[in-house]
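Reading through the structure tokens given below for one structure.
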Amino acid sequence: MIEQSKISEIKGVGAKTEQSFRKLGVETVGDLIRYYPRSYQVYEEAVPVSEVEEGRVMTVSGAIFGRVQVSGNRNMQVTTLYVKDLTGSLKVIWFRMPFLRTTLSKGGVITLRGKIVSKKGTLVMEHPEIFYPAAQYDAKLDTLQPVYGLTSGITNNAVMKAVRTALGQICTIQDTLPKEICRRYGLPTIDTAIQAIHFPKNKETFYPARNRLVFEEFLDFILSLRQLKESNVRLENHFHMEEKTQIHAFLKQLPFHLTKAQLQVWEDIKKDMSGPNVMSRLVQGDVGSGKTIVAVLGLMLAGLNGCQGAMMAPTEVLAKQHFESIGTMFSEYGVPLKTELLTGSMTAKEKRLAYERIESGEVDIIIGTHALIQEKVVYRNLALVITDEQHRFGVKQREKFAEKGNSPHFMVMSATPIPRTLAIILYGELDISVIDELPANRLPIKNCVVDTGYRPNAYHFMEKQIAEGRQCYVICPMVEESETLEAENVMDYAENLREELHGNCSIAYLHGKMKQDEKDDIMTRFAKNEIQILVSTTVIEVGIDVPNSTVMLIENSERFGLAQLHQLRGRVGRGKYQSYCIFMTASKTKETKERLEILNKSNDGFFIASEDLRLRGPGDLFGIRQSGLMDFRLGDIYQDAKILQEANEAADWMMKNLSEDEITGRLKKDNLHIL
Ligand code: ADP
Ligand code: MG
């Protein structure tokens with residue numbers, strides 16, 4: 001069996017499992033062995049009941065105490081028991097598992113591992129894994145168990161089994177890293193690395209394996225960027241744009257003046273688009289710095305010059321938001337350009353009509369999601385492509401877009417505050433403009449870091465803001481174990497909040513598992529202030545602009561990376577009202593304090609990113625994963641900044657010492673996943 005074999009060749013993988021795997025993007029054996037765990041469960045020593053801490057996954061061991069009870073309605077049956085040790089007792093609940101009553105009613109000693117949450121002021125263990133009799137736990141103690149991303153029809157065990165069998169059946173995996181490089185950076189072989197990323201014996205075998213795979217991921221990314229750069233450099237500009245007076249008129253009518261930084265970037269863009277070569281530009285600006293309007297000017301320039309311009313957003317919610325706000329601006333200020341929306345959730349008929357209008361050139365500005373690069377879309381005179389919040393897109397998508405036009409101008413907008421040294425590596429092929437100034441009318445966000453005891457005050461504060469007409473976000477604690485639980489978590493939280501606030505305002509929730517039209521509906525109603533509090537997972541992180549929101553409450557903020565917290569906070573403070581960000585944490589450790597303190601005292605994304613790098617030592621991997629910036633599978637540009645720099649060196653070395661064919665060959669390998 002080789003890496004290109006279909007996974008059905010693995011013993012025990014039948015047609016049904018194969019189909020479920022396909023939903024996860026796993027078709028070949030190569031895909032499977034590179035379907036890395038999302039995280040690992042570390043089975044640590046049980047703690048005394050009196051020492052459980054809110055927000056953490058912990059293990060307790062004790063006697064089943066009193067009766068096991070089942071309550072709730074048919075949709076949501078809740079099983080409750082109490083477990084007791086010498087230090088106290090703890091309430092434990094499971095959802096939708098009423099059958100546990102029979103099993104557990106025998107009593108005796110049990111070990112439970114689950115998340116500690118706070119319900120109405122008491123700590124409760126939610127939905128734990130059961131070890132009964134308690135000694136079953138000993139076998140797991142101190143091991144790392146892989147946790148895979150799942151979909152319906154496939155369990156974590158099934159993925160583990162398939163990977164284990166596949167690794168047993170393959171003799172060797174081809175090592176595509178030059179030996180020289182492995183030696184220089186002390187990287188293990190690919191076999192060792194793959195084995196250990198799935199089934200690490202302990203943390204000591206895990207780290208080198210991960211380093212190797214991250215290294216490879218970064219290296220391939222950098223090499224493909226270099227190639228892109230080489231092929232881009234001399235591209236001739238086929239779309240010479242002329243200045244248009246309508247744009248001056250438009251700017252005059254805007255309710256604000258552009259900041260100096262925005263004007264400078266706009267100059268850069270005009271110069272590029274009228275110059276001898278195609279524009280490839282990254283516009284980097286902190287959250288709220290006003291990147292959208294700069295993009296709109298670029299799109300107008302293309303449109304008014306008789307060409308089409310397209311803007312791609314990472315989510316439908318964001319695409320719609322852009323579409324609506326641009327449409328409103330155009331009609332309000334009399335801009336004679338037509339806009340079109342194109343997203344995956346549109347009906348076949350809607351799409352067909354949109355395709356027709358795009359192909360005929362009836363519309364000028366097209367805004368959408370990935371749907372913009374579907375094969376069926378044919379543009380007419382596409383001169384400018386903008387991607388918003390670029391870290392969700394990669395080189396491949398960019399290339400696809402380029403194929404759709406006669407080498408259109410390219411502009412990438414990003415709020416990712418990457419220190420310049422890293423930006424030069426990651427965006428090597430782009431010119432960089434920075435919007436390093438916030439609009440003058442902004443009041444700096446007021447921050448506070450508080451413990452969970454402050455929660456009632458926080459709710460009270462939100463009520464007061466809502467009474468003044470404002471709106472609030474609550475970001476719910478993350479759940480690493482499962483996505484279904486994540487949804488439940490948000491729903492539970494919203495339900496609790498409704499009780500706490502006695503129905504005085506409208507509260508809705510948002511999570512990644514919701515259908516697109518549900519999400520859209522919630523976002524639209526939130527934008528109209530029909531909803532006052534939005535309880536959400538991090539799905540709202542990118543780009544949402546509702547300037548009337550003034551409070552951001554982040555639960556379990558110790559669980560997030562600093563950069564991500566900064567992005568989340570950027571959802572408030574976008575308008576003329578004083579805004580507030582409340583970082584709530586149950587953790588009392590010095591590290592958490594120090595990290596959150598950085599956010600507390602600064603609203604500057606670049607400063608935060610550099611402090612983040614400074615504070616991060618190697619090996620805090622099990623702590624926090626950043627927000628998946630740039631969408632690397634494993635790598636994290638902040639946490640793995642050192643590896644990124646090494647991979648950059650290695651890329652230099654390879655460009656110098658290997659032939660072009662060798663490098664291209666490496667990048668064409670099936671087993672590579674460059675985004
Ligand atoms: P981001 O850079 O995070 O994408 P947006 O482009 O969404 O930020 O802008 C945030 C908000 O600031 C929007 O409501 C926008 O209308 C407003 N805005 C943009 N530029 C200015 C400016 N120069 N002065 C005042 N408000 C501005
Ligand atoms: Mg934006």
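None of the values given here were measured: they were computed from a predicted structure. In each ligand, atom 1 is the first atom listed, and ligand 1 is the first ligand listed.
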Next item on the list: Between Arg442, Lys291, His322, Arg571, flag the one that comes closest to atom 2 (O) of ligand 1 by a heavy atom.
Entry: Lys291
Next item on the list: I would like to know whether Met523 and Leu534 meet side-chain contact (heavy atoms from CB on, under 4.5 Å); could you show each step before the answer?
Entry: CA-CA 9 Å; Met523 275 323 299; Leu534 189 58; 3.9 Å; yes
In terms of atom number and element, which parts of ligand 1 are under 4.0 angstrom from non-hydrogen atoms of [X]?
X      : value
Val287 : 3 (O)
Thr292 : 4 (O), 5 (P), 6 (O), 7 (O)
Arg574 : 1 (P), 3 (O), 5 (P), 7 (O), 8 (O), 10 (C), 11 (C)
His257 : 22 (C), 23 (N), 24 (N)
Ser289 : 2 (O)

Check: If you measure every N/O of Leu258 against every N/O of ligand 1, is any gap under 3.5 Å?
Finding: no
Margin query: Under 4.0 Å, counting heavy atoms only: does Gly288 come that close to any atom of ligand 1?
Written below: yes
Note to self: With a 4.0 Å cut-off on heavy atoms, is Met413 in contact with ligand 1?
What the structure shows: no
Next item on the list: Classify the angle between the aromatic ring planes of Tyr473 and Phe526 as parallel (below 30°), tilted (30 to 60°) or perpendicular (above 60°).
Entry: tilted
Notebook entry, point to check: Between Thr259 and ligand 1, which part of the residue brings a heavy atom under 4.0 Å of the ligand: side chain, backbone, both or neither?
Noted result: both
Checklist line | His460 atom NE2: more than 12 heavy-atom contacts under 6.0 Å | finding: no
Next item on the list: Verify the neighbour count for atom CZ of Arg380: are there more than 12 heavy atoms of other residues, nucleotides or ligands below 6.0 Å?
Entry: no
Note to self: With a 4.5 Å cut-off on side-chain heavy atoms, are Gln465 and Tyr580 touching?
What the structure shows: yes
Margin query: Using the rule side-chain contact (heavy atoms from CB on, under 4.5 Å), only one of Ile435, Asp436, Leu297 pairs with Val265; which is it?
Written below: Ile435
Notebook entry, point to check: Salt bridge or not for Lys338 and Glu362, using N-O below 4.0 Å?
Noted result: no
